[in-house]
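One structure is given below, encoded as structure tokens.
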Amino acid sequence: QVQLVESGGGLVQAGGSLRLSCAASGRTFSNYAMGWFRQAPGKEREFVAAISWGGTITHYVDSMKGRFTISRDNAKKTVYLQMNSLKSEDTAVYYCAARSAGVVRTTDYDYWGQGTQVSVSS
């Protein structure tokens with residue numbers, strides 16, 4: 001089993017930046033693909049970005065490209081989401097997730113963190 005804990009959320013003005021971190025525990029972290037998702041009040045959870053176990057393959061939804069960057073440090077068992085040029089519509093609870101296979105996917109994640117709140121004011 002993998003345990004995930006997100007951090008780095010907060011309140012930021014539109015156009016600002018935040019870097020989210022997801023600290024993982026478990027001996028198999030390096031073999032897991034990792035993803036970031038978000039959920040705003042009244043909306044369904046949506047995929048944001050994913051990264052392969054080796055960190056060389058990433059995937060983003062089109063709306064995130066150029067603004068968000070996912071990365072990982074397997075030695076630290078941590079995955080990051082750098083968010084730039086934040087917009088009010090980015091306001092949501094952001095979750096990291098782990099998939100028990102190295103290939104990036106937008107679905108089929110096995111473990112989830114508790115989430116961290118990101119609030120962007122206009």
Side-chain angles (χ1 to χ4, degrees):
Q1 185 174 341
V2 175
Q3 293 78 44
L4 306 172
V5 180
E6 303 95 335
S7 63
L11 176 64
V12 65
Q13 293 286 329
S17 299
L18 286 172
R19 189 176 81 156
L20 306 183
S21 299
C22 176
S25 62
R27 289 185 286 272
T28 61
F29 174 79
S30 295
N31 297 324
Y32 282 59
M34 301 294 297
W36 284 98
F37 295 76
R38 69 185 185 185
Q39 186 169 21
K43 297 183 179 180
E44 297 182 355
R45 184 180 63 193
E46 65 175 340
F47 170 80
V48 175
I51 187 167
S52 63
W53 69 268
T56 59
I57 302 173
T58 58
H59 178 67
Y60 306 87
V61 296
D62 288 342
S63 62
M64 311 301 173
K65 292 181 179 179
R67 297 196 301 124
F68 291 8
T69 302
I70 188 171
S71 61
R72 68 189 296 165
D73 185 336
N74 287 346
K76 297 181 179 180
K77 297 184 177 181
T78 302
V79 62
Y80 305 95
L81 184 68
Q82 178 67 47
M83 304 185 294
N84 299 324
S85 301
L86 285 164
K87 306 173 182 179
S88 60
E89 53 262 43
D90 294 319
T91 295
V93 176
Y94 284 71
Y95 301 88
C96 67
R99 184 173 183 269
S100 59
V103 179
V104 296
R105 291 285 188 272
T106 61
T107 59
D108 298 325
Y109 284 80
D110 303 301
Y111 305 102
W112 297 84
Q114 296 299 305
T116 185
Q117 177 71 50
V118 172
S119 298
V120 184
S121 60
S122 59

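Side-chain atoms are counted along with the backbone in the values below, which use heavy atoms only and exclude waters and symmetry mates. Along the sequence shown, residues are numbered consecutively beginning with 1.
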Legend entry - Tyr94 to Leu81 - nearest heavy-atom pair and separation: CD2-CD2, 4.1 Å
Inset, instruction - Please report the closest heavy-atom contact between Ala24 and Leu4, naming both atoms and the distance. - result: CB-CD2, 3.5 Å
Legend entry - Nearest-0.5 Å distance that lies between atom CD in Gln82 and atom CG in Leu18: 8.0 Å
Legend entry - For Leu20 against Gly9, the heavy-atom pair lying closest together: CD2-N, 3.6 Å
Inset, instruction - Report yes or no: does Arg72 contribute a side-chain atom to a donor-acceptor pair with the main-chain N or O of Gly55 at less than 3.5 Å? - result: no
Inset, instruction - Would you kindly confirm whether Val48 and Tyr111 end up in one hydrophobic cluster when ILVMFWY residues are joined by side chain heavy atoms under 4.5 Å apart? - result: yes
Legend entry - Rounded distance (nearest 0.5 Å) linking atom OG of Ser21 with atom NZ of Lys76: 9.5 Å
Legend entry - Partner set under salt bridge (Lys or Arg N to Asp or Glu O under 4.0 Å) for Lys65, not counting sequence neighbours: Asp62
Inset, instruction - Could you tell me whether a side-chain N or O of Arg105 sits under 3.5 Å from a main-chain N or O of Tyr109, the two making a donor and an acceptor? - result: no
Inset, instruction - Might you point out which heavy atoms bring Gln13 and Ser122 nearest each other, and give the distance in Å? - result: OE1-O, 3.9 Å
Legend entry - Nearest heavy atoms of Ser17 and Asn84, plus distance in Å: OG-OD1, 2.9 Å
Legend entry - In one Ile/Leu/Val/Met/Phe/Trp/Tyr side-chain cluster, 4.5 Å: Val5, Trp36: no
Inset, instruction - With side-chain contact (heavy atoms from CB on, under 4.5 Å) as the test, would you mind laying out the steps for Val61 and Phe68 before giving the verdict? - result: CA-CA 10 Å; Val61 296; Phe68 291 8; over 6 Å; no
Inset, instruction - Answer yes or no: are there more than 12 heavy-atom neighbours, outside Ile57 itself, under 6.0 Å from its atom CD1? - result: no
Inset, instruction - Write out all pairs satisfying disulfide bond (SG atoms under 2.5 Å apart) with one or both partners inside residues 52-94, taking only residues at least two apart or from two chains. - result: none
Legend entry - Nearest-0.5 Å distance that lies between atom CZ in Arg99 and atom OG1 in Thr107: 7.5 Å
Legend entry - Inter- and intrachain pairs under disulfide bond (SG atoms under 2.5 Å apart), touching residues 78-122, at least two apart: Cys22-Cys96
Inset, instruction - With sequence neighbours left out, write down each residue that passes side chain to side chain contact (heavy atoms under 4.5 Å, CB included) with Val120, or none if nothing qualifies. - result: Val12, Ala14, Leu86, Asp90, Thr91, Val118
Inset, instruction - Please work out which of the three classes, parallel, tilted or perpendicular, describes the rings of Phe47 and Phe37, given edges at 30° and 60°. - result: perpendicular
Legend entry - Whether Gln114 side chain and Glu6 backbone form a donor-acceptor pair below 3.5 Å: no
Inset, instruction - For Arg19, check salt bridge (Lys or Arg N to Asp or Glu O under 4.0 Å) against everything at least two apart and list the hits. - result: none
Inset, instruction - Determine the minimum heavy-atom distance between Ser25 and Gln3, stating which atoms define it. - result: OG-OE1, 2.7 Å
Inset, instruction - Scan for side-chain hydrogen bond (donor to acceptor under 3.5 Å, both in side chains) pairs involving residues 41-60, sequence neighbours excluded, and state none if there are none. - result: Arg38-Glu46
